[in-house]
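What follows is a short report on a single structure.
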Number of protein chains: 2
Amino acid sequence: MKREHKEEMKARARNIRLTVAYDGTNYHGFQRQRPPVTAVQNVLEAKLEKIFGDSIELAASGRTDAGVHAYGQVVNFFTDGRIPVARIPLAVNSLLPDDIVVLEAAEADAGFSARHSAKSKTYLYRIQRGTFPNPFTRHYAWHVGHPLDVEAMEEALRAILGTHDFSSFRASGGAPMSPVRTMYRAELAEKGDMLEILIHGNGFLYHMVRNIIGTLVNVGQGRISPEGFRVILEAKDRKKASPTAPAQGLYLHSVEY
Amino acid sequence: MKREHKEEMKARARNIRLTVAYDGTNYHGFQRQRPPVTAVQNVLEAKLEKIFGDSIELAASGRTDAGVHAYGQVVNFFTDGRIPVARIPLAVNSLLPDDIVVLEAAEADAGFSARHSAKSKTYLYRIQRGTFPNPFTRHYAWHVGHPLDVEAMEEALRAILGTHDFSSFRASGGAPMSPVRTMYRAELAEKGDMLEILIHGNGFLYHMVRNIIGTLVNVGQGRISPEGFRVILEAKDRKKASPTAPAQGLYLHSVEY
């Protein structure tokens, strides 16, 4: 958005904040794409425009990649439309395809930005264990057929807690920004054949969670020791870490403001 | 199958039993359909033929309708093909689309029939509660937006235990067969926003589980009392029960021999 256009948007009467869940399987990520490529943002903006009667430009807490899911993506937009906030979810959901659901809508201060006001984010990653891929979770988890040493993975995972330079887990070629982030929680839970890894931090570099998970699975398979995982983190070198875990296991769980 | 064709099949050297899981979302049920309509059986037979090198005709424990899923459908087929039984799952799964998975293969006696040897079956039905449909379970559960009285549903569900004439829950226009069946287990479990109903019986009439669930949800919403549910069962009249619950919540959980 150009600056003057941004100012024009902000001059509108209302700033609406939405919490949105989506199954990312059929989308090229969250961020708006040129048709015929479809992103969640394209669909959501088109339906909101029908309801609010003005052009809608969403700002999101952040992008999600193709195939990545969200339980609680947060977006905001400026509008002069008059529909009461309590009626927004039902109105939008009645137009949206069933893989995108608006869970909540709220009036926000004019200064609220889903992106810039975010204090922290939580991601969830699901790994499906078992000899064969589970047909019901093929779009919702990463199938790992070989046995995993869960205790070793937990030990390694603890290394990311606190403040670190996460360059080792940053996508090569990402935008130049500080690689230092603080992780508040990093937990692993076993739920039947699923391993669920929850990571809560003040910010995440591009592909950071998926690069951590890719390396963690190598710890689980005994190819990297928990201590080796720590050494990789401290090396601040993407080449030391393992390949990026697949998109379909990743969920933007929530955004905290 | 005509009788002589059936005898020809049975003259083959091996009778192989498979346990199969499938996501029924993209299929017109289990039972073979004429192309371009695709059923799970069409796909499974085509891939087995590639591996065994002879024509394959599957017999299944029973049909499942379009959109209905299976964790443990059981099928058998006669073949002269020589692939060792331990190698079958991996070989077939490498050819199958990722919404169908062969979990197990075993040599069976010549007299084994997935259909006729079945002693009992277990079905699972999933109901998703919450104001809005969960985008991740839209193909895997029935979304019921209004609150449900789970205790009333449990009380009603107990009425089906034991031996009953299930005519009230039988699809109108089904094949003429005895409507008497025996239910060994009927249990309801709450798992987060999901209600899971497990029913184990010696056999099921067409649409029986979905008709029971449709009526049970009306109990949960207070439109039918638990006692009223029992009266509907005892009426032996399909017109007394509620509409059929949707297919996507239903799973053939297992077949017992």
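These numbers come from the heavy atoms of this one structure, side chains and all, not from hydrogens, waters or symmetry mates. Just so it is clear: chains get the letters A, B, ... in the order the sequence lines come, proteins before strands, and each one is counted from 1.
Considering CG of A:Asn93 and CZ of B:Phe132, their distance stands at 5.0 Å, rounded to 0.5 Å. Summarising the geometry, atom CG belonging to A:Asp23 is positioned 10.0 Å from atom OG1 belonging to B:Thr137; distances are rounded to the nearest 0.5 Å. Taken to the nearest 0.5 Å, the NZ atom of A:Lys191 stands 12.0 Å off from the NZ atom of B:Lys191.
Both the backbone and the side chain of A:Pro89 come within contact range of chain B, each with at least one heavy atom under 4.5 Å from a heavy atom of that chain. Residue A:Tyr22 touches chain B through its backbone alone, counting heavy-atom pairs closer than 4.5 Å. Proximity to chain A involves both the backbone and the side chain of B:Asp98, based on heavy atoms less than 4.5 angstrom apart.
If you look at B:Phe136 and A:Tyr251, their ring centroids are closer than 6.0 Å.
In this structure, A:Arg138 places its CZ atom where more than 12 heavy-atom neighbours from other residues, nucleotides or ligands lie under 6.0 Å away. Shown here is A:Glu104, whose CD atom has no more than 12 heavy atoms of other residues, nucleotides or ligands within 6.0 Å. Around CD of B:Glu151, the count of heavy atoms belonging to other residues, nucleotides or ligands within 6.0 Å does not exceed 12.
Here the closest heavy-atom approach between residue B:Pro135 and residue A:Ile100 is recorded as CB-N, 4.4 Å.
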